[in-house]
Amino acid sequence: MAVDPAFFAELEARIPKGKVRTRFAPSPTGYTHVGNLRTALYTWLIARHAGGTFILRIEDTDQVRQVEGATDVIYRTMAECGLTHDEGPDVGGPVGPYIQTERQGLYGKFAELLVEKGAAYYCFCEKTESEEDSGEFDRSDDPCRSMSAEEVAANLAAGKPYVIRQRIPHEGTTTFHDVSFGDITVENKTLDDQVLLKRDGLPTYNFANVVDDHLMGITHVVRGSEYLSSAPKYNLLYEAFGWEIPTYVHCSPVMRDQHNKMSKRHGDPSYEDLREQGYLTEAILNYVALLGWAPKGDLGEQEIFSLNELVDAFDIAGISKSPAIFDLEKLTYFNATYLRRMTPDAFAKVAEPYIRQAVKNPAYDAGEIAGLLQARCEKLTDIPEKLDFFDALPAYDKSFFVNKKSKTDETISLEMLEKAVPALEALPAWTTEAIHDALVNLAAELGVKNATLMWPVRIAAAGKLVTPGGAVEICHILGKEETLRRLRAGMAMLK
């Protein structure tokens with residue numbers, strides 16, 4: 001079956017040349033797992049570091065696994081993470097369309113071109129769909145590999161269903177180069193004649209990737225190390241077409257421990273899960289960048305990187321071939337660091353939705369409450385449980401007033417509250433400074449340490465042993481009337 005050279009020449013003419021071009025090519029199958037996010041980040045960083053082009057391509061040929069709304073999840077995740085794309089389904093570009101099912105007309109022609117070149121063949125054998133996808137069959141027993149052109153033509157004319165398989169040489173070796181793993185050589189006899197085009201006319205993942213990567217001018221292909229075994233077959237396809245082979249960057253898996261890969265099935269978190277668990281996008285990206293990559297030179301000891309700093313520092317030579325273990329405690333450390341480094345206004349903005357989960361009363365200033373929390377929480381989801389005392393004083397035990405370090409017991413605490421109430425009641429202005437000075441001066445008058453007075457005031461005001469702020473801050477936020485009401489309730493309990 002002759003193919004039109006002009007068709008291929010026109011596609012070749014569209015391919016941009018002369019700069020780095022990378023692509024992130026997710027399947028719309030639901031959530032964004034950590035390994036996928038790392039691939040997106042690395043491909044984006046390679047392009048941005050080199051001043052190149054970053055492409056988003058949606059690989060939706062696996063209609064069975066496709067999840068409704070998953071493409072929107074991809075767009076939203078990329079936008080949240082700041083991984084802007086220069087070409088893609090929503091922004092267009094010179095080598096579109098950028099959704100695989102919209103490119104279906106291409107793959108059959110390229111498969112036929114390979115048949116014409118002798119690098120592929122029609123296979124009319126009855127095989128299961130899974131065998132077609134994997135290419136697993138006994139090559140020596142397949143009569144289609146050596147079928148004559150006349151037999152092939154007769155079968156096609158008779159309308160027999162077929163797949164197109166890659167014709168792997170029986171002899172020799174194939175060598176490919178990977179940035180992390182170096183040169184890898186395999187014997188061709190160990191490779192199978194994988195299916196390129198399925199009975200339904202759709203390409204297999206492996207074939208569509210090669211065709212699309214070439215037609216989009218991709219210079220660097222980043223993917224998981226599980227595809228190392230397929231790389232020789234990719235090379236043979238590139239060579240058969242006479243195409244330049246891109247730079248391969250195979251990343252070792254992200255592991256939950258020494259022996260197990262991360263898996264959503266086993267409860268390991270996706271990007272969406274981590275956001276819901278109170279982690280900042282910036283902290284997640286920073287941590288994910290270091291799962292399998294390390295900066296070189298003067299930056300070798302640095303851990304905290306903004307996205308712009310990662311662009312400057314990123315070098316593919318720093319990608320490791322060793323598996324990376326995902327450590328939630330380490331991510332929490334990164335997140336706490338990011339929370340501490342935010343400006344008070346920025347922290348208040350991200351914290352407010354979590355504050356309002358616990359503090360419904362609009363009279364309480366969310367910005368002021370945020371000021372208590374910034375140095376005291378590691379994740380945003382820590383916030384609500386720290387604030388449950390603002391809207392309503394919780395039930396608590398009078399034993400809370402006993403604290404050896406502050407030198408308080410129930411008797412001393414009652415005395416302190418009896419002195420504190422009139423001192424606070426007399427304040428003309430309910431400011432943090434006025435409350436602080438009143439209590440500190442009172443402690444001096446009574447000849448006790450500040451803590452001996454502050455402890456019972458805080459316990460009575462909050463009804464909790466641990467609070468995100470001290471007595472002064474809590475009293476100020478509660479307001480004069482509510483503070484005095486709670487302190488009197490504490491006195492009544494102690495009496």
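Residue numbers start at 1 and run along the sequence shown. All values below come from the heavy atoms of this structure, side chains included, with hydrogens, waters and symmetry mates left out. Owing to the predicted nature of the structure, the values given are computational and were not obtained by experimental measurement.
- The backbone N or O of Ile435 sits nowhere less than 3.5 Å from a side-chain atom of Glu433 that would complete a donor-acceptor pair.
- A donor atom on one side chain and an acceptor atom on the other are not found under 3.5 Å apart for Thr408 and Asn403.
- Taking the six-membered ring where tryptophan is involved, the planes of Tyr248 and Phe176 are perpendicular, since the angle between them exceeds 60° and thus also 30°.
- Side-chain contact between Gln166 and Asp193 is absent, with no heavy atoms from C-beta onward closer than 4.5 Å.
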**OP:** Let me see the working for Ser270 and Asp273 under side chain to side chain donor-acceptor pair (under 3.5 Å), right down to the final yes or no.
**Re:** CA-CA 5 Å; Ser270 64; Asp273 293 332; 3.2 Å; yes
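- Rounded to the nearest 0.5 Å, atoms CG (Asn206) and CD (Gln194) are 4.5 Å apart.
- Closest approach of Thr43 to Phe54, counting heavy atoms only: OG1-CE1, 3.3 Å.
- The minimum heavy-atom distance between Ile383 and Ala351, with the atom names listed, is CD1-CB, 3.7 Å.
- The aromatic ring centres of Phe24 and Trp44 sit 6.0 Å or more apart.
- Of the possible polar contacts, none joining the Thr53 side chain to the Arg21 backbone as a donor-acceptor pair under 3.5 Å is found.
- The side chain to side chain donor-acceptor pair (under 3.5 Å) test with Tyr98 singles out one residue from Glu87, Arg103, Arg57, and that residue is Glu87.
- For the pair Arg48/Thr84, a side-chain contact is recorded, criterion being any heavy-atom separation below 4.5 Å from C-beta on.
- The number of heavy atoms from other shown groups lying within 6.0 Å of NE2 (His49) is above 12.
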Subject >> side chain to side chain contact (heavy atoms under 4.5 Å, CB included) between Asp183 and His177, worked out >> reply: CA-CA 4 Å; Asp183 287 334; His177 180 78; 2.8 Å; yes
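- Looking only at distances, a side-chain donor or acceptor of Ser27 sits under 3.5 Å from a matching main-chain atom of Glu59.
- Rounded to the nearest 0.5 Å, atoms CG (Leu310) and CG (Leu45) are 5.5 Å apart.
- Atom CD1 of residue Ile355 and atom NZ of residue Lys360 lie 12.5 Å apart, to the nearest 0.5 angstrom.
- Salt bridge status for Arg376 with Asp382: absent, with no side-chain N to carboxylate O gap under 4.0 Å.
- Within 6.0 Å of atom CG in Asp298, 12 or fewer heavy atoms from other residues, nucleotides or ligands are found, so the atom counts as exposed in its surroundings.
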Subject >> Trace of the side chain to side chain contact (heavy atoms under 4.5 Å, CB included) decision for Tyr354 with Leu387 >> reply: CA-CA 10 Å; Tyr354 297 88; Leu387 305 175; over 6 Å; no
Original post:
After noting the C-alpha distance and the side-chain angles of Thr204 and Lys198, does the key distance pass the side chain to side chain contact (heavy atoms under 4.5 Å, CB included) rule?
Top reply: CA-CA 7 Å; Thr204 56; Lys198 296 185 282 188; 3.9 Å; yes
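- By the side-chain hydrogen bond (donor to acceptor under 3.5 Å, both in side chains) test, Arg485 pairs with Glu482, sequence neighbours left out.
- Formation of a donor-acceptor pair under 3.5 Å by the Asn450 side chain with backbone atoms of Ala443 is not found in this model.
- No side-chain heavy atom of Asp212 sits under 4.5 Å from any side-chain heavy atom of Arg23.
- A salt bridge links Lys330 with Glu303: the closest approach of a Lys/Arg side-chain nitrogen to an acidic carboxylate oxygen falls below 4.0 angstrom.
- When atom types are taken as modelled, the side chain of Ser320 and the backbone of Gly292 share no donor-acceptor pair closer than 3.5 angstrom.
- Thr483 is not listed as a side-chain neighbour of Arg486, based on a closest heavy-atom distance of 4.5 Å or more.
- Side-chain atoms of Asp213 never come within 3.5 Å of backbone atoms of Ile218 as a donor-acceptor pair (strictly under, hydrogens ignored).
- Within the 3.5 Å criterion, the main-chain N or O of Ala471 finds no donor-acceptor partner in the side chain of Trp455.
- Counted by atom type alone, Asp391 and Tyr364 present zero donor-acceptor pairs between their side chains at under 3.5 Å.
- Listed for the Gln374 side chain is a donor-acceptor partner under 3.5 Å among the backbone atoms of Leu339.
- Of all non-hydrogen atoms in Ile316 and Val179, the two that sit nearest each other are O-CG1, 3.5 Å.
- With hydrogens and angles left out, the side-chain atoms of Thr381 and Tyr279 include no donor and acceptor closer than 3.5 Å.
- Checked against a 6.0 Å centroid threshold, the rings of Tyr227 and Tyr205 count as neighbours.
- Under the 4.5 Å side-chain criterion, counting only non-hydrogen atoms from C-beta, Leu41 is in contact with Leu307.
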Original post:
side chain to side chain contact (heavy atoms under 4.5 Å, CB included) between Asn361 and Phe390: does it pass, once the steps are laid out?
Top reply: CA-CA 8 Å; Asn361 189 338; Phe390 275 108; over 6 Å; no
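- Contact between Gly469 and Ile474 at its shortest, heavy atoms only, is O-CD1, 3.4 Å.
- Using cut-offs of 30° and 60° on the angle between ring planes, the pair Tyr287 and Phe326 is perpendicular.
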**OP:** Check the pair Glu272 / Thr32 against side chain to side chain donor-acceptor pair (under 3.5 Å), numbers first and verdict last.
**Re:** CA-CA 7 Å; Glu272 292 83 358; Thr32 308; 3.2 Å; yes
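- A perpendicular orientation is assigned to the rings of Phe241 and Phe110, their planes being inclined by more than 60° (bins at 30° and 60°).
- Shown here for Ala208 and Gln100, the closest heavy-atom pair between the two residues is CB-NE2, 3.4 Å.
- Residues that satisfy the side chain to side chain contact (heavy atoms under 4.5 Å, CB included) test with Ala50, not counting sequence neighbours, are Val20.
- Atom OG1 of residue Thr281 and atom CG of residue Asn286 lie 12.5 Å apart, to the nearest 0.5 angstrom.
- Within the structure, no pair that satisfies the salt bridge (Lys or Arg N to Asp or Glu O under 4.0 Å) test touches residues 215-227, not counting sequence neighbours.
- Around NZ of Lys449, the count of heavy atoms belonging to other residues, nucleotides or ligands within 6.0 Å does not exceed 12.
- Between the side chain of Arg458 and the backbone N or O of Leu453, no donor-acceptor pair lies under 3.5 Å.
- With respect to the salt-bridge test (charged N to carboxylate O, under 4.0 angstrom), the residues Lys261 and Asp268 do not qualify.
- From Met416, atom CE reaches atom CE of Met454 across 12.0 Å, with rounding to the nearest 0.5 Å.
- For the pair Ala358 and Pro384, the tightest heavy-atom approach, listed with the atom from each and the gap, is CB-O, 3.4 Å.
- At least one donor-acceptor pair under 3.5 Å links the side chain of Trp430 to the backbone N or O of Cys475.
- Atom CD1 of residue Ile15 and atom CH2 of residue Trp243 lie 7.5 Å apart, to the nearest 0.5 angstrom.
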